[in-house]
Amino acid sequence: MLARHQDPIVAIATAPGRGAVGIVRVSGRGLDALVQAVCGRTLKPREATYLPFRDAQGQAIDQGLALYFPGPHSYTGEDVLELQAHGGPVVLQLLLARCLEAGAATDPATGQPNLRGLRVAQPGEFTERAFLNDKIDLAQAEAIADLIDASTEAAARSASRSLTGAFSAEIHGLRDALIHLRMLVEATLDFPEEEIDFLRKADAHGQLSNLQQTLASVMQRARQGALLREGIKVVIAGQPNAGKSSLLNALAGAELAIVTPIAGTTRDKVQQTIQIEGVPLHIIDTAGLRDSEDEVERIGIARAWDEIAGADAVLFLHDLERADAPEYIAGDADIANAMAQKMPKSIPVIDVWNKLDRAPGAAAAAGENARPGVHLSARTGEGLDGLRRLLLEVAGWQSAPEGLYIARARHVEALQAVGAHLQEAADQLQAQGPALDLLAEELRLAQNALSAITGEFSSDDLLGVIFSSFCIGK
Ligand code: GDP
């Protein structure tokens, strides 16, 4: 454990801004002297006490509830003090400063600081402590962040399932089966004469193929869970007035959309998020991607095309009212050219023929098309369901959200690695004269990949990446 994991920490745990209640939270080992200094008394464990929070002169900063959770029965596994004050930014800042000051001040009883080394927590540090102190595993810690960040109800529900350990339990089940098989194989390494017979009798092959089946099912659900969390990226292309914004609004308006822009970088400018059946769709409008003389804008546009290269689908919007006009046809050809030059061929393109209400016979007259396509009216909503189905199909969405747990791309990749090692192991097992040491090694690697999900073996770098994305005070 790094030294910083030993420091006592403090943070405002509630969101910035004004609110009815605001919480300041302290975690560390041995909080008694700090509790005495700030609350002016000792606190009963896990009992709410209404009292004044005092400054160094003994004046009340605010009145509120103090809660004390002695470790290990706390969120972090350390001693935790929670001060629930009035939720104004100034009050909470004062309370935070008071905790830091009281931590550094000398305890008259011992002549030592009340809480040596108390500092403001980094993002996610309380949850990181919970992980390091074995209160939760890494997948559960990630689920906490995912629950807080959930942009749809389905994502929130599945994050909640992961948080209760549903996903971790599946991973542990796989791990136990894997350990069982490893013990079998490792045992045979010690008795090489009978090895093959021994493995056959113990049905190593059957065990391995059961493992592969279970893994496939977990992987399938993890993929769906990752889809709920991460969504898909859809590029929407089409000439001005083809109906891009109208289509976006029609798709967004159909469900009670909790629209959350993806935070960060320049892509904010071109990206909007809507949802279909709870799956987030990050829609990038290509309106901003015209040729430009402006150097800065050109860099931005080049970046946007780089982003688009990672898209999952393109909606190519056409205006049925103008579909026969030579100018319009030429304009569509320009867009098709730009896409062909700048986008990988692997990204599926869906032709969307809009304004069907103005060209009622168009859908029937359409005939066979090489690409998937749909006729619709963004205005009347006719045909929208067809587009939604197509988008979900492209995304690979299969299940209803019940019973799903949230997962991350990191988990899906780890499961893929497990699958690859199990396949190698299966190939070894089936080979004429299998190399049992190689088989044993593949199983060991498979177990390592699995353990990375729950964090049994995880580097400090990985922890840094995961916890730094949390909010402060969590
Ligand atoms: P954008 O420039 O591609 O974003 O196109 P807009 O969404 O702004 O739409 C351009 C015009 O077409 C607006 O006047 C819309 O009201 C109209 N429009 C969009 N979709 C439809 C449709 O399905 N039917 C009809 N009749 N008009 C539409």
Side-chain angles (χ1 to χ4, degrees), residues 231-255 257 259-262 266-276 280-292 294 297 300-301 304-305 307-308 311-343 347-367 369 371-392 394:
I232 61 164
K233 210 147 118 182
V234 178
V235 177
I236 182 160
Q239 299 185 55
N241 287 325
K244 295 188 290 296
S245 344
S246 307
L247 180 63
L248 205 57
N249 288 339
L251 284 172
E255 284 192 34
V259 176
T260 48
I262 292 272
T266 45
R267 54 194 174 147
D268 290 5
K269 288 181 195 133
V270 289
Q271 185 165 303
Q272 231 183 319
T273 299
I274 63 167
Q275 54 165 309
I276 299 179
L281 257 61
H282 311 296
I283 305 214
I284 303 173
D285 191 345
T286 50
L289 304 178
R290 294 165 230 262
D291 286 336
S292 167
D294 181 86
E297 195 184 340
I301 291 170
W305 278 109
E307 281 268 344
I308 288 171
D312 300 291
V314 175
L315 295 184
F316 192 176
L317 205 56
H318 314 280
D319 183 344
L320 279 171
E321 252 189 326
R322 290 180 284 165
D324 294 330
E327 263 169 47
Y328 192 78
I329 293 170
D332 267 6
D334 286 347
I335 294 177
N337 271 339
M339 292 195 309
Q341 276 172 26
K342 292 172 179 166
M343 251 169 30
I347 302 179
V349 177
I350 300 173
D351 281 304
V352 178
W353 304 90
N354 187 31
K355 309 196 189 179
L356 185 58
D357 54 313
R358 290 290 173 81
N369 197 333
R371 296 199 294 223
V374 56
H375 286 70
L376 54 77
S377 164
R379 177 162 293 173
T380 65
E382 187 188 355
L384 268 183
D385 275 342
L387 177 60
R388 280 197 201 97
R389 268 199 306 277
L390 263 179
L391 279 168
L392 289 178
V394 167

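Hydrogens, waters and symmetry mates are skipped; everything else that's a heavy atom, side chains included, is used. Whatever order the structure lists ligands and atoms in, that order sets their numbers, starting from 1.
The immediate protein surroundings of ligand 1, defined as residues with any heavy atom under 4.0 Å of it, consist of Gln239, Pro240, Asn241, Ala242, Gly243, Lys244, Ser245, Ser246, Asn354, Lys355, Asp357, Arg358, Ser377, Ala378, Arg379.
Distance alone, capped at 3.5 Å, places no donor-acceptor pair between the Asn354 side chain and the Leu317 backbone. In this structure, the side chain of Asp312 engages the main chain of Lys233 through a donor-acceptor pair within 3.5 Å. Remark: side-chain polar atoms of Lys244 are not paired, donor with acceptor, to backbone N or O of Ile236 under 3.5 angstrom.
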Step by step, would you call Leu320 with Arg358 a side chain to side chain contact (heavy atoms under 4.5 Å, CB included)?
-> CA-CA 8 Å; Leu320 279 171; Arg358 290 290 173 81; over 6 Å; no
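To the nearest 0.5 Å, atom CG of residue Leu281 and atom CG of residue Leu315 are 8.0 Å apart.
Annotation: side-chain contact (heavy atoms from CB on, under 4.5 Å) contacts of Asp357 (sequence neighbours excluded): Lys355, Ser377, Arg379, Thr380.
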